[in-house]
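In what follows, every heavy atom counts, from backbone to side chain, and hydrogens, waters and symmetry copies are set aside.
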Protein chains: 2
Amino acid sequence: MNARPTIYDVAQRAGVSKSLVSLVLRDAPHVAEAKREAVKKAIQELGYRPSRAASALASQSTRSVGLLIDDFRNPWFVELLAGVRSVLDPAGYTVTVADLRLEEASGRNPVDGFLAQHVDALVVAAEAPPEMVRDVRVPLVIAGTRSLTPLLGKSLDDGAADVVAGDDDAGGQLAARHLLALGHRRIAHLSGQGAPAEHRRRGYVRAMAEAGAEPLVYGVDGGTDEANGFRAMRQALDAGGRAAGGPPTAVFAANDVMALGAMAALRDAGLRVPEDVSVLGYDDSPLAAYGYIRLSTVDGHSRRLGAEAAQMALDRMAAPAAPPRRLLLEPAVVERSSVRETIA
Amino acid sequence: MNARPTIYDVAQRAGVSKSLVSLVLRDAPHVAEAKREAVKKAIQELGYRPSRAASALASQSTRSVGLLIDDFRNPWFVELLAGVRSVLDPAGYTVTVADLRLEEASGRNPVDGFLAQHVDALVVAAEAPPEMVRDVRVPLVIAGTRSLTPLLGKSLDDGAADVVAGDDDAGGQLAARHLLALGHRRIAHLSGQGAPAEHRRRGYVRAMAEAGAEPLVYGVDGGTDEANGFRAMRQALDAGGRAAGGPPTAVFAANDVMALGAMAALRDAGLRVPEDVSVLGYDDSPLAAYGYIRLSTVDGHSRRLGAEAAQMALDRMAAPAAPPRRLLLEPAVVERSSVRETIA
DNA sequence: CTGAAAGCGCTAACAG
DNA sequence: CTGTTAGCGCTTTCAG
């Protein structure tokens with residue numbers, strides 16, 4: 001017998017019917033102990049593994065949810081995923097992860113992939129093109145970005161998606177105010193493309209304006225990656241050198257990897273962090289916590305974000321018609337060693 | 001019509017038979033252009049997506065392979081995955097990834113999960129317990145670690161697994177010789193648990209012995225993480241302070257994150273890299289390439305590793321009875337800024 | 001509590 | 001080239 005064993009094989013070997021095997025698999029309540037044991041033994045001996053394909057087909061449910069993230073290279077997703085699993089695992093759901101960047105690179109549509117796989121719900125934690133998530137016929141929750149919200153409101157027929165996101169506007173303000181409170185006035189902001197960066201930038205600009213300080217934004221048209229962090233920092237330095245005020249005494253970067261790029265540029269310029277220039281990141285990614293880096297940063301609570309998103313998915317599966325929910329998480333600054341008071 | 005559309009719906013709408021729809025889906029050669037268009041149009045209008053579950057069940061194949069990695073937090077896997085996909089995507093295969101650490105944490109067996117999902121092949125790039133991969137009845141390739149090899153030889157009935165790994169022994173030797181050639185003699189090695197670290201350690205010890213230098217190994221009983229890199233570096237420093245020779249002039253860490261921990265310890269001790277102490281990592285992970293870090297490291301060619309592993313999987317699916325293959329990749333050192341000649 | 005029977009959506013021979 | 005016919009392995013009524 002070389003082929004994969006089926007319930008039939010198990011049933012036969014255990015001397016029971018096929019349905020009984022099905023029952024002990026989903027450990028149903030009223031099954032005679034003896035038979036249950038016999039079935040388990042047969043499963044063991046045969047190396048039987050139930051076929052998900054068959055069960056999905058028969059039950060019209062896979063008890064799985066798809067999680068779409070932006071980019072495996074940005075460790076931000078790790079905590080998000082941990083949060084998602086912390087609520088989905090106990091509920092008996094499986095989660096499968098796909099990386100938008102990678103899927104697009106190979107010309108595929110990850111949402112189609114998930115749907116073909118019969119996921120019972122979808123959590124999108126990436127900036128997916130709206131048409132990609134339009135018309136999915138399973139519960140959809142958008143995690144971590146607010147940009148899709150308005151677009152979705154119109155296009156989803158059967159109720160808009162649930163949304164949980166970090167309040168990036170508030171985070172940007174928080175960051176600027178934090179630096180301002182420490183006495184900094186020449187605070188540069190390193191930004192980039194994409195909705196989260198945009199919100200953070202807006203928050204920063206508002207807080208600077210309120211304090212009567214001049215907003216100094218660089219790198220807006222680049223990526224939110226290390227290279228652009230480096231470039232934008234160099235620009236800030238060059239601009240500061242020519243300007244009356246001198247170089248910035250503090251820098252707020254749109255995320256941690258940009259901050260890391262900025263730190264490299266500062267070191268190359270012979271400037272010390274935080275003695276000469278304070279650097280504040282965003283995301284509280286694992287990067288920021290390394291002892292060699294010790295980056296002060298704004299925590300968007302990605303783990304909690306994941307957990308809330310998962311809970312929303314669960315709730316919606318239970319009550320598809322409930323009104324859509326929106327939740328904004330309040331960011332907080334995490335002090336490490338890259339920020340200090342201005343010495344002026 | 002709220003339910004998910006099926007081929008029947010598509011066929012009806014396009015005015016053709018179900019089998020014709022099936023044919024255009026797998027774009028078969030001899031189909032009338034008009035009908036093909038009609039079918040495509042119907043698919044579009046209905047938002048039809050083929051059911052993987054049904055097709056898996058009917059065809060006994062999913063055209064998917066499972067990739068088991070160690071830990072999403074270690075960015076090592078990113079390039080590995082890119083390599084895997086670079087050969088599997090064009091071949092029309094889908095790859096699904098699972099993280100061993102996470103699965104074990106929630107008490108699941110990822111291999112069972114993959115098998116239940118009907119993957120057509122399995123690539124294991126993690127130190128999975130041998131019993132976990134015993135008795136999988138699909139093509140199996142072990143990527144990146146040699147430790148499972150001897151165990152598997154015995155336990156797999158239908159031919160052992162294919163294996164492709166970095167030659168960690170050679171890498172350890174290479175690292176030590178590289179530092180030796182730069183004039184270093186007091187070269188500490190920061191190690192940890194697990195097979196790769198063990199091989200790297202062995203290579204290091206051999207090269208040191210051959211050069212008549214004393215092996216200085218620390219951290220063997222800890223993890224291969226940043227914290228242990230930090231701790232082991234501290235121990236090396238303390239030992240060097242008491243010893244006749246003084247502290248090491250160079251450090252070789254079992255991987256990049258340990259090296260990063262070491263760099264933190266060195267800075268805390270007031271030592272500069274590379275002026276006072278050279279630091280060499282292993283893996284050439286994305287971490288090492290950051291401008292702020294610029295870690296010299298040993299490249300295990302993870303992308304190529306992934307590509308080779310995927311090719312082996314493909315080959316074995318095509319020829320299940322072919323003799324098992326083993327491939328060892330030769331590591332190379334990547335020079336960045338954390339290593340220099342000794343000044344002695 | 002247990003067994004029989006009917007499909008879930010699709011593929012894979014075939015015969016038209 | 002097209003339509004028919006069986007299942008794939010499992011869940012789920014529904015009678016015993």
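- Computed from coordinates, the Leu23(A) CG to dC1(C) P distance equals 11 Å when rounded to whole Å.
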> What does nucleotides 4-14 of chain C look like as a protein-contact string, B for base, S for sugar-phosphate only, - for none, at under 4.0 angstrom between heavy atoms?
Replying inline: B--BBBBBB--
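- The line from CZ of Arg325(A) to CD of Glu308(A) is 7.5 Å long, rounded to the nearest 0.5 Å.
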>> Please determine whether side chain to side chain donor-acceptor pair (under 3.5 Å) holds for the pair Ser106(A) and Arg85(B), giving the CA-CA distance in whole Å, both sets of side-chain angles, and the decisive distance to 0.1 Å.
In response: CA-CA 9 Å; Ser106(A) 63; Arg85(B) 294 199 52 156; 3.1 Å; yes
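- Note on Asp162(B) versus Arg316(B): salt bridge recorded, some NZ/NE/NH1/NH2 to OD/OE distance being below 4.0 Å.
- A salt bridge links Lys41(B) with Glu45(B): the distance from a Lys NZ or Arg NE/NH1/NH2 to an Asp or Glu carboxylate oxygen falls below 4.0 Å.
- In this pair, Phe77(B) and Phe77(A) present their aromatic rings perpendicular. The plane angle is above 60°, beyond the 30 to 60° band.
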